[in-house]
Amino acid sequence: MPTIQIKMKDLENLLGRSVTISELADRLPLVKGEIKGYDKTSGELKLELNDTNRPDLWCVEGVARQIKTHRLKTAVPYPFYNGKRKAAAVIEAAPSLKMIRPYIGACIARGLTIDNETLVQLIQTQEKLSESFGRKRLLVSIGLYRLAKIVFPVTYKTVRPDEVRFVPLGFESPMTLRTILEKHPKGMAYAGILSKAAEYPLLVDRENKILSFPPIINSREVGEVQVGDRDLFVEVTGTDLRMVILTVNILAANLADRGAEITPVEVRYPYLTDFGRKVVMPLVLSKPMTVPLHDFRSALGEPVKMTGAVSVLKAYGYDAKARGRNLTVSVPAYRDDLLHPVDVVEDFAISRGYESFVPEMPSEFTVGGLSSIEQFSDRVRESVIGMGFQEVISNILTNPDESVARMNLPASSGYGDLVTVENVMSQTYSALRNGIIPSLLRVEAVSSKSFYPHRIFEAGETAITDAKSPEGTRTVLKLAALIAHPAANFSELHSGLDLLMYYLGRAYQLEPVVHPSFLDGRVGKIVVEGRNVGLTGELHPQVLENWQIAMPCAVFELSLDDLVL
Amino acid sequence: MSQEITQLLSGLHPLERKVLSTLKVRPILWDHELMQETGLDESRLSMALGWLMTKGVVKVADEKATTFVSITELGKKYREHGMPEKRILNDIQLGKKLTIKDLRERSDMDPSEVSTAIGNLRSKDHEIVRVGQGGLLELTGIPLPDSIEHALPLLLAMLASSSGPMNQLELLDESKHLLNDILEKKWKTRGVVRQHEKKSKRLALTDLGYELVKRLTSEVVSEEAVSQLTPELLKDGAWLGKSFRKYNIGLKPSRMATGRKHPYREFLDSVKTKLVSMGFEEMRGPLVESEFWNSDALFMPQFHPARDIHDVYFVDHPKSVRSLPEPHTSQVAKTHETGWKTGSRGWRYAFDIERAKRLVLRSQGTSVSARTLAASPRIPGKYFSIARCFRYDLVDATHAPDFFQVEGIALGETITFRTLLGLLKLFATEMAHATEVKYLPAYFPYTEPSVEMHVRHPSASGGLGWMELGGAGLFRPEVTHPLGVKVPVIAWGLGLDRMAMVALGIQDIRDLFSSDLDLIRTKRSRG
């Protein structure tokens, strides 16, 4: 979730009025925002914006715009969205980009006053949009330039890695594109995006002056915006044209909010795009959506009048018109998040205020209950507790060392039926437990200071691979119990197992088995109606040694899924 | 004073008398000497000393710790075959062409051994081996540290030839140094040797003790007081006329090992009971989920950032499910691409069925709700699950490697945004005993409208602060229709771990899953 740092003063300038911190807190539900920090003296404010589908709200301009819209009860107008303004400049895209980074969009902003705070906010927005929305610049990246340095038309083309050199931001001397990817911090950070490309994107003007190496770094000469600059060229490249256009639209609105005059830029593609061969941006993306008035009533649980729907939606920035029993609505060009009429219904509810809806209890009668396995597990737990065992709850993520090596099981078996993790973060958590005994031994290993005897158990989930099932794995509910004290042995625990099986009404046999985790001759399979449901025995001293446990331990483990009727 | 002594005397246990009469002769003794003199075994002696110390008769005059060192199985293996570092180095010196991958595939060493050895050989400040052309390992010329080359083999040899654990003081200086500086940090964690401490205590009489033992002689113990009433004494009336030794009932009793629910389980069980009483039926799902159920069925596009390798654990073995259920899969796929018949425009991308088959560790309990929707649920119906979930987060005080999520659904013809708010209000009062509730707009990929519920709770942040209790919303038609459900569905989730931590007085979420038996045994559960 994006978090932004802004200044209260800047927010107030954009709102056009002063606002207290508690007034602001009351308005923030409009943008699904939360105050995460406020420094009264510096006026610095930290906001978290929770709507990952509304990148237009991840900046102070967007937050102010939504709040202002609600106050004015109508959208803030942006004349450059209506498509009537002529493009002031042209970008020519080269055919070779099609397989590398096919799309570009741009606009020109004139007459800004770039002060320190504006610059900070521009950079923050650029960062949020390219990192979060643009997936670390893969889908979208942004470049800002000093307009005066550029002679149009600009060409978006590709060059070989060593073909050109320029001075990138943050450096003093010229570098080739290859060197930038190898040496420049931004180059190293984003080189992955171009790892499959034989040629790299480049933006140059009519005089072959290099603007930037998208999506990596700007040229220092043209692309270092400074306090005091007034006219900017804003460019967005990417792999998804819809996202590129939306980004241009958002940036254009933000700059306009700060007093800039926006003029569109035309991009000429040598290939066909979803928006044609000539695309002039900013550009309205969304088509109007039809929402039956009835949808509001059925989703919200109370009648909504047509006039009410229109005015409440307008106060959230919509263009809304009544068409019989339907509404035709559209959102401003800085939004592209309407998938379904329910999205409009939510915006209606937010605009009206969630507090304006009276909670109502669901009235339909339903019967509650537990699953049969949970009931069975509860019964088993109660029996085992009655026998004097302390319950433990362990994490399910574990590792092959605990599940296999320490249990004296051969590692050559490829960890048997263990479900292992691919993107391991820590070796400690690299597999799911396939049994509960290691979880109990983990308790023993750290609890030698707790007074003996130890009688502990856990009833919990485990996972195993299962090549036969269509799902590939199975979750099995198991129970394991352990005793540890100087005289702990097979027969003491056998008494417990015997009593448990008696109470559960399951006839069982113990059949001798050889198992490397246990002392030979002191371990048995637990067999119920010919099915193997678990095992019990005295743990092998080598296993105890592996866990650094200095107390004899006997355990049993049962699969509750196999025992439940 | 004298009255106190008389009282003490009459309450002395035979074991205490034994200890005191020994101390009367030799007032300061080490515990092992005392054991010898009294002839008591360790546990009886410590019992008697415990009593005497609570009575203030005996005190600990001195204490010393002795460290013993012994060799482990792994240590013996290293002694026989050599340290992994040394063996790898030998192989390179012999001219073998080895890459790191070759080393990892060695059958005679564990993968973890190999990783540690490589780590030590390539450590930044002491690079003994580097990766050269073609990934081949080559020597830098820096020799192995002396500790691995000489000191450790020497120590292992000594320990192996000793019949039992060795007193650390008796080791060679070189070995002692190794133990102090290196063993603690490196070798012990590798399990090569084991150290344990034994504490000896020197016991002495207190002033009160001196007074007591003086009287111990003069007081004639004429008749042995009975300490335990037995069936025999009762059978033939032999108890008549006997005197029974008086107990010191002010002593702290020994602790009792009992059977008990885990305090966190007690909390979860109460949640379970509460939900059942509100008419919710339990639903269950697997720990390992296909991405289909974990995300696709919830209308989270396959490019959604919460689905990447930095947020979800992907399963290495096995990689994928073999098949996915129909017609749900095709319907979900079409909904993602174009909206299908849901009235949505869809996410506009090419749905990848192989991606949907990929297995992950369940990252949200909502996947259980999705499965329930697809399995012809009751209408009207209410369901819940307490599901273990996994998130790709660094484990710390606020992140456990896996944790419980309490989630559920309510479905029916009459479900609306207002009944959603009503249900949340019920949760707030019933589950959190909240005094006030606030509903805020929220964002979840699978619900619209979405709500976050904040409650004012007596125990939240120092009294009457607001805390987030949970999130909820109406499932998007893009979720319900492809799974065959046509009525509105409330999806809700409660963040109960924070409530559990408040209830159990725990600050670190990892303590909910602690392995420390003492902590589990002593944790009181508060209602």
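Letters go in sequence order (proteins before strands), and every chain restarts at 1.
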If I measure from the heavy atoms of chain A, does [X] come under 4.5 Å with its side chain, its backbone, both, or neither?
X	result
B:Arg265	both
B:Phe390	side chain
B:Ala442	backbone
B:Lys319	side chain
B:Ser450	both
B:Phe303	both
B:Tyr349	neither
B:Asp308	neither
B:Glu478	side chain
B:Pro488	neither
B:Pro445	neither
B:Val360	neither

Region of [X] in contact with chain B, defined by heavy-atom distances below 4.5 Å:
X	result
A:Arg442	both
A:Asp336	both
A:Ser371	both
A:Glu34	side chain
A:Ala467	backbone
A:Phe348	neither
A:Val31	neither
A:Ile464	neither
A:Ser298	backbone
A:Lys468	backbone
A:Ser430	neither
A:Asp240	neither
A:Ile456	side chain
A:Ser439	neither

Is there a side-chain contact between [X] and [Y], using heavy atoms and a 4.5 Å cut-off?
X	Y	result
A:Arg381	B:His262	no
A:Arg474	B:Val288	no
A:Lys32	B:Glu452	no
B:Lys261	A:Gln390	no
A:Met425	B:Leu394	yes
A:Val392	B:Phe513	no
B:Leu359	A:Thr473	yes
A:Met1	B:Tyr443	no

For A:Pro359, does its backbone N or O pair with a side-chain atom of B:Arg418 as donor and acceptor, under 3.5 Å?
no
- Message: Tell me if a side-chain donor or acceptor on B:Asp402 pairs with a main-chain N or O of A:Leu397 at a distance below 3.5 Å.
- Response: yes
Between [options], who has the most heavy-atom pairs with chain A when the cutoff is under 4.5 Å?
options	result
B:Glu73, B:Lys425, B:Glu289, B:Arg388	B:Arg388
B:Tyr313, B:Phe384, B:Phe444	B:Tyr313
B:Val312, B:Val315, B:Leu512	B:Val315
B:Arg284, B:Glu413, B:Lys382	B:Arg284

Separation of [Y] [atom2] from [X] [atom1] (nearest 0.5 Å):
X	Y	atom1	atom2	answer
A:Glu346	B:Leu474	CD	CG	9.5 Å
A:Ile393	B:Leu268	CD1	CG	6.0 Å
A:Gln548	B:Thr72	CD	OG1	7.5 Å
B:Ile309	A:Asn423	CD1	CG	6.0 Å
A:Leu370	B:Phe280	CG	CZ	13.5 Å
A:Met361	B:Leu423	CE	CG	6.5 Å

Leading residue by heavy atom contact count with chain B [cutoff under 4.5 Å; candidates [options]]:
options	result
A:Gln542, A:Met289, A:Met387	A:Gln542
A:Ser363, A:Ser132, A:Pro470, A:Gly472	A:Pro470
A:Val476, A:Val345, A:Leu432, A:Thr462	A:Leu432
A:Asn50, A:Asp51, A:Val446	A:Asp51
A:Val358, A:Thr465, A:Val419	A:Val358
A:Glu302, A:Gln427, A:Glu355	A:Glu302

TODO: Determine, for A:Glu374 against B:Lys272, whether the closest basic-nitrogen to carboxylate-oxygen distance falls under 4.0 angstrom.
DONE: yes
Looking at A:Asp343 and B:Arg345, is any side-chain nitrogen of the basic one under 4.0 Å from a carboxylate oxygen of the acidic one?
no
Do A:Glu360 and B:Thr419 have side-chain atoms, one donor and one acceptor, less than 3.5 Å apart? no
If we ignore angles and hydrogens, is there a donor and acceptor under 3.5 Å between the side chains of A:Glu471 and B:Ser290?
no
Quick check on the 6.0 Å ring-centre criterion: do B:Phe417 and A:Tyr354 meet it? yes
Item to check | Geometric cation-pi criterion, B:Arg521 with A:Phe451: 6.0 Å, 45° | outcome: yes
B:Arg510 meets the side chain to side chain donor-acceptor pair (under 3.5 Å) criterion, sequence neighbours left out, with B:Asp508
